[in-house]
Structure formats: structure tokens, C-alpha cells
Amino acid sequence: MPTLPIASVSEHLARIRSRIERACAASGRRPQDVTLVAVSKTRPATDIEAALLAGQTRFGENRVQEAAAKFPALRAAHPELRLHLIGALQTNKAREAVRLADVIESLDRERLADAIADAAQREGRLPELLVQINVGGEAQKAGVAREAADAFIALCRRRFGDRLRGVMCIPPEADDPAPYFAWTAACAAQHGLAVISMGMSGDFEAAIRHGATELRIGTAIFGERVRAG
Ligand SMILES: *Cc1c(COP(=O)(O)O)cnc(C)c1O
């Protein structure tokens with residue numbers, strides 16, 4: 001897997017940060033109210049180190065196994081690091097996810113809530129949680145259906161209290177994301193949830209306009225992902 005020169009990761013980060021600042025200014029928002037999560041899936045630890053050296057502390061991974069291989073060593077060297085798990089989560093990975101993550105963004109069904117609650121009891125720690133909403137109703141995507149979101153958020157609130165922080169969505173790729181972002185922000189507001197995780201490399205400025213408090217950005221920081229095979 002090719003490793004990017006450190007300079008390029010820090011330049012990309014600087015460029016993203018200034019775009020975030022401009023988008024915030026344009027919608028009368030404060031940049032400190034928008035958290036950047038650098039999505040480091042498929043990238044080697046050296047790229048993550050480069051981002052850490054450039055002041056980036058929050059990282060997102062979508063596979064528990066990959067996160068478990070990369071992050072314990074990075075965390076030991078960089079105690080400020082925070083790990084977000086952002087990918088569809090199987091119940092049999094819940095325990096390892098609870099052990100590793102600071103934030104789990106893909107809580108989307110009751111059986112997973114059960115598994116996380118059980119794991120939290122065994123591990124003696126509970127990450128912050130976001131409910132993922134399948135905002136475009138796409139068969140291939142994880143997330144609770146829009147129609148079921150209110151009841152599921154209420155269930156998670158009862159079970160996890162204020163460890164339930166917010167909502168996360170990934171709009172359909174081919175559509176204008178704006179209505180999906182607006183729906184997700186309204187859902188968070190209705191439930192009094194502070195965190196709205198939406199916006200990726202291609203659409204984060206629109207997400208900021210619609211109230212995103214957390215952006216998950218991968219390729220615009222680390223370059224195109226390289227998959228084996
Ligand atoms: C990969 C991924 C991202 C980042 O996507 P980019 O287009 O590379 O910025 C964001 N969120 C989730 C859930 C992802 O899996």
C-alpha cells in the first residue's frame with residue numbers, strides 16, 4: 001500500500017480546514033462547532049501518524065478488525081487520539097468495538113443495542129453512540145429506516161441515557177444530498193440530540209450549511225483509497 005508523504009497529508013488537512021472555515025463563515029456558524037473526523041480506512045498507520053503530527057486527533061474506521069490492528073499502538077503513542085467506528089457493525093463484533101472505540105456511529109437496530117449494552121457491562125466502558133439513519137432508504141446501506149427512527153432513538157435514549165449523542169447518515173450517492181441532510185438535522189433537533197454526523201469529501205460544505213456538527217472525510221485528506229485485489 002503506498003504511503004503518502006507527510007507533507008501531502010498535512011497540506012490536504014490544511015486545505016480542508018480552511019474550506020470548513022469558509023463554509024462555516026458563509027452560514028454564520030463557528031468552525032469550533034464542526035468536528036473533523038479523518039476517515040483512515042485502508043490507509044497505513046504511517047498516514048495516520050502524519051495526520052496526528054498535523055494536529056488531527058479524531059479518526060474514523062469502518063472495520064473493527066482493521067481498527068484493532070492499527071489503533072492500539074497509535075493510541076499508546078498519542079493519548080489524544082479518538083477513534084470513531086463508522087461502518088456497519090455485526091453483533092459479534094460489538095464487544096471489540098466497545099473496547100476500542102470512543103464513538104460508535106452505526107447503532108441501527110435493537111439487537112445491536114442489546115449487544116453493545118451487554119459488552120459495555122462486561123468491559124466497564126461505553127463509547128459515545130450515534131444512531132445511523134438509512135436516510136435514502138437504500139437496500140444496500142446500514143441504518144434504521146426513517147419511519148422507524150423516532151422509536152429507535154427513543155429506545156436508545158432509555159437504554160443509554162446521555163451516551164446517546166446524536167445521529168449519522170450517508171445520503172444516496174447519485175442524489176442532491178441537501179434534502180437528506182435537512183431531514184437528518186431536523187430529526188436530531190426533534191430529539192434534542194447535539195451531534196449530527198454527515199458530510200464526506202464530496203459534500204461536506206452542503207452538510208455544514210445544513211447543520212452538520214461532525215464531518216467524516218477520507219479521500220480529500222488521504223487520497224484515493226487503495227483496496228487489495
Ligand atoms: C469511507 C467513509 C467516509 C469517507 O468518505 P470519503 O468520500 O472518502 O470522504 C465517510 N463515512 C463513512 C461511513 C465511510 O465509510
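From a predicted model like this one, the values you see are computed outputs, not experimental measurements. When a ligand or atom number is given, it counts from 1 through the structure's own listing order.
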*Any side-chain donor paired with an acceptor under 3.5 Å for R216 and S197?*
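Side-chain D/A pair, R216 to S197: present.
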*Check: K70 side chain, R43 main-chain N or O, donor-acceptor pair, under 3.5 Å*: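 Yes; at least one donor-acceptor contact below 3.5 Å.
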*Is a donor on one side and an acceptor on the other found under 3.5 Å between the side chain of R58 and the backbone of R82?*
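Flag not set: sc R58 to bb R82 has no pair under 3.5 Å.
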_Proximal protein residues to ligand 1, non-hydrogen atoms under 4.0 angstrom_ =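 Under the 4.0 Å cut-off, ligand 1 touches V39, K41, I86, I170, M200, S201, R216, I217, G218, T219, R225.
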*Shortest non-hydrogen separation from A182 to H210 and the atoms involved*: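 Where A182 meets H210 most closely, the heavy atoms are CB-CD2, 3.9 Å.
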*Should L107 and F160 be marked as a side chain to side chain contact (heavy atoms under 4.5 Å, CB included) after you check the CA-CA gap, both sets of side-chain angles, and the distance that decides it?*
CA-CA 11 Å; L107 174 54; F160 299 113; 4.0 Å; yes
_Flag if over 12 foreign heavy atoms under 6.0 Å of CD, Q190_ =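 More than 12 heavy atoms, drawn from other residues, nucleotides or ligands, come within 6.0 Å of this atom.
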